[in-house]
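Taking it in order: structure first as structure tokens, then the write-up.
Each chain gets a letter, A, B and so on, in the order its sequence line appears, and its residues count up from 1.
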Amino acid sequence: MNILEKINSGFTYFDGGCGTILQEQGLKPGELPETWNIIHPEIIQKMHYDYLCSGVNILKTNTFGANSLKFGDEGELSLENIISAAINNARTAISQAPADTERYVALDVGPLGKLLKPLGDMEFEHAVTIFKKTIELGAKYGADLVLVETMNDIYEAKAALLAAGEVTDLPVFLTCAYDESGKLLTGADPKSVVAVAEGLGVSAVGINCSLGPKQMAPLVEELSAYASVPVICNPNAGLPRTENGKTVFDVGPEDFAKAMKLIIEAGAQILGGCCGTTPAHIKATVLESANHTAKPVTEKNITMVTSYTHSVIFDRKPILIGERINPTGKSKFKQALRDHNIDYILQEGLTQQEKKADILDVNVGLPEIDEVAMMIEVVCELQAVTDLPLQIDTTNVEAMEKALRVYNGKAMINSVNGKEEVMNAIFPLVKKYGGLCVALTIDEDGIPTTAEGRLAIAKKIYEKAAEYGIKPKDIIVDPLCMSISAEPESANVTLEALRLIRDKLNGKTSLGVSNISFGLPSRDLVNGTFFTMAMQNGLSAAIMNPNSAEMMKAYYTFCALNAIDANCGDYIDYASNLPSMVAAAPTVKPGEAPVANDNSNLDALTVAITKGLKDRAAALTSEYLGRGDQAIDIIDGYLIPALDIVGKGFEKKTVFLPQLLMSAEAASGAFDVIKSYFEKNGAKQEKKGKIIMATVKGDIHDIGKNIVKVLLDNYGYDVVDLGKDVDPEIIVSTAKEQNIRLVGLSALMTTTVPAMEETIKQLRAAGLDVKVVVGGAVLTQEYADMIGADKYAKDAMETVRYAEEFFA
Amino acid sequence: MDIYTINAKDLVINEYEALRYLGYVRSSITDEDIEIVKAAIEEVRVLAAPKACFERYPVTISEDFDITMPYGIIHSKDLATNLNGCSEIYIFAATIGPRFDMALTRQRQISIAKAAVYQSVGAATVEALCDTLNEDLRRKVVEEGGTLHPRFSPGFGDMSLDNQKGIFSVLRPEKSIGLTLKDNLIMAPEKSVTAIIGIEK
């Protein structure tokens, strides 16, 4: 019986703990257990043998930490020798054990002990490369399957699964380590893990380590509710503690087996153990399970996408896909792409999240930029600031593949259509990386004018997907809508197509709703009503603008009326905040009393900024511009004096950092209003001078640098922000190319001060006439002098003062 | 090795400590400041997954400040002074987990003011975790008739950050609490502490 047949026919048993057994045999702290495959093969073989005698089917090789970070290519203890010896030890044990049941060898693959970027310092592709090397060797030396285990980060798990898929056809199992909150350390819940893992083609999915069997039961239940593959449960024997210098665990074999009964009832088919479990634990579990029947594994017809923390399930409640990250028809967005202004794009994402988008569509295609590089960067940067799932929207197949590769989760893919060529390009990517694929009902003959025609294309797409092994649940059909101004029957045809796809194909649907009103005035009115009609006809998801009041009204009222909004809670929340959404910006009457009495002789705008009231500062600025004040007078008369009041307070220690920053943000709010006023009127805001800001090479702490940047921005300087972890060469070349004469460098750690010194050295060596101001937690005047800086600024205000002096 | 977990709800996170990290002078703290920090503390509690692991080891200190650590002999005058009279040490690693880091990155994009407050509250939270663990260990040692010395971390005084490698090789916090060491010897997640506590009997 091969391993896949075995796990789909009743219970299968994994072995238990390894590390704890080896410690009992004398493994020292700091000693690598994998070396014992070669140094003490007899001990490893004996451990395997004991497990086999207690009824184990699958042995985990002693290779948890066997990777190229810990083992080299050369010598007796090379990675290859370790892995071949480990598999050989398992095979030897099997050959000596009773042949009373099926036996398999799983190449055990543990985490790398590194967090991936952006949390840690390891590149995703580097992790893939390391895993590939281990798994390739495992396959070469004859493992029957690959077990990726103890993953506490879904991103790292993805790297391992992807690596496995690229080097071997062996079945791959995944077990993750969840904590007490029922999530992975980096936040993923069990159903999201299932979605990602199944997308990457695992044959079984489950849980191991970190918890005892009792705490695992509810997690196994969730895994089992969403998984269409067998579920694995390998718990610890409770929690470890030290007694007289020895590590002990508190759950004995009998109690362990009793708790495993709960695990069986929760739906696991593959049972075993992790830290602290022994052959006795497994034997008791085998005996206990003899009284039960394994739950059959069933196909779960659940359509879902995920981020790295949670999933969005396409069910009765319509899903909102924010459309704003897209340059089409948006001159500001296009400019942001050309200027490489990632912050602008991130802000679009965060605003849509605040407005309750469930998923963000990401389209960064513009002829004059490198779309592939931009797509990868935007996907990574967005995922660093938002936990919403993303929909990768591009016709560039290379950009699609690269984005799906680095995406952390199971993405939505926009899109495929009925054209052979497109299906043949996109479906292999869906199969390899997983994902929910949007399918447009258009083919070589164009868009059918009838609903039946669109249904036929949908059917064709489902069939072709099936040839690639893509399940119907991973296809979502977009029957397309054209403007009713050009095609009077357009809405009717689209609505009928929605019904047909739902009723005849049991399919999910998505629409770019706002196309319906193209060419009409007040488009939002038409969009809102059409959205309601589409939802009523079964629409599962809309690509839409969450900032549109009409669309959101349609959505909230529809959900409340259809009993998919518990207690009308979301509707009530929305409705009670409605006025602020309807009005473009809150308005303030001129001459209104200032907010604080002690500032009664100050202007209201100055007060709003000193108090850090961002919305009020923005509203007052619009008001002042509206009544005819000159922008420059507003800046010099109210904004700068307000910042000075706060800045002086900060220097005198009557105002502290959060207040200083809140004021800066309020001033930014006012500046944004002035900026868009300038843009509308074609004028340009005068900048006082250009300054480079960067956190030096090796240092990824950018909060201090960002604080300084916000303040300098406010004071009217043109800040060229090079970000964090910046190579000295980039700083030098930027200063040279843009002829910038003031450079601000930040370092937070003693270990990166040398990088700061190197940067200054290179600036001087390039013969540039620049002044360098340095700051950061570890810096002192002494350090600054030592590394040859021109100025040490102890805080953000001091940098501003220095800039004022410099450009005076 | 022992693993120590505590529910973030049960941590005593001091708002004045967080305000001090932000540069506040005690006498000028207003009720409003305290409210802002308190609100951030509650948000950080939801994000925090406080965990630590620790182990007890014998230690000897030579007259010229060589110290026998479980991962080898190191030289540090400041640590040797701190451990004066100790025959054993605890080594621990503690973290509040990566979800805090994710939230902080997001706050930087939304509000730099709030991000600054988060930053200091995160630091106060991992300090609170260390204090609670420290107190547990102190009680245990007092029961045995001993005392604990103040905790001491790599990077303090002349104890080099290189010690992180040794500490990570013996505690293996990657597996037990998800704490990792970057190539530049800085830990990820960001709000994490490793330290040595001397045991004197």
State, with a plain yes or no, whether a side-chain heavy atom of [X] is found less than 4.5 Å away from one of [Y].
X	Y	answer
B:V170	B:Y71	yes
B:P154	B:I167	yes
B:Y16	B:I29	yes

Contact origin within [X] toward chain A - heavy atom pairs under 4.5 Å:
X	value
B:L181	backbone
B:E190	side chain
B:S27	neither
B:P189	both
B:I177	backbone
B:A49	side chain

Considering only heavy atoms and a distance below 4.5 Å, find which of B:E32, B:R56, B:R108 pairs most often with chain A.
B:R108
Heavy-atom distances under 4.5 Å only: say whether [X] touches chain B with side chain, backbone, both or neither.
X	result
A:S181	side chain
A:D343	both
A:L350	side chain
A:Q23	neither
A:P658	both
A:E156	neither

Residues of residues 73-100 of chain B within contact distance of chain A, non-hydrogen under 4.5 Å:
B:P98, B:R99
Looking at CD of A:Q659 and OG1 of A:T654, how far apart are the two atoms once the value is rounded to the nearest 0.5 Å?
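Reported value, rounded in 0.5 Å steps: 8.5 Å.
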Quick one: pull up NZ in A:K117 and CD in A:E123 and give me the separation to the nearest 0.5 Å.
3.5 Å
Begin with the C-alpha distance, continue with both residues' side-chain angles, and end with the deciding distance and a verdict on side-chain hydrogen bond (donor to acceptor under 3.5 Å, both in side chains) for A:N408 and A:Q383.
CA-CA 8 Å; A:N408 191 356; A:Q383 288 211 292; 5.2 Å; no
I need the full list of side-chain hydrogen bond (donor to acceptor under 3.5 Å, both in side chains) pairs touching residues 166-186 of chain B, with sequence neighbours left out, sorted by first then second residue.
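side-chain hydrogen bond (donor to acceptor under 3.5 Å, both in side chains) check on residues 166-186 of chain B returns A:K114-B:D183.
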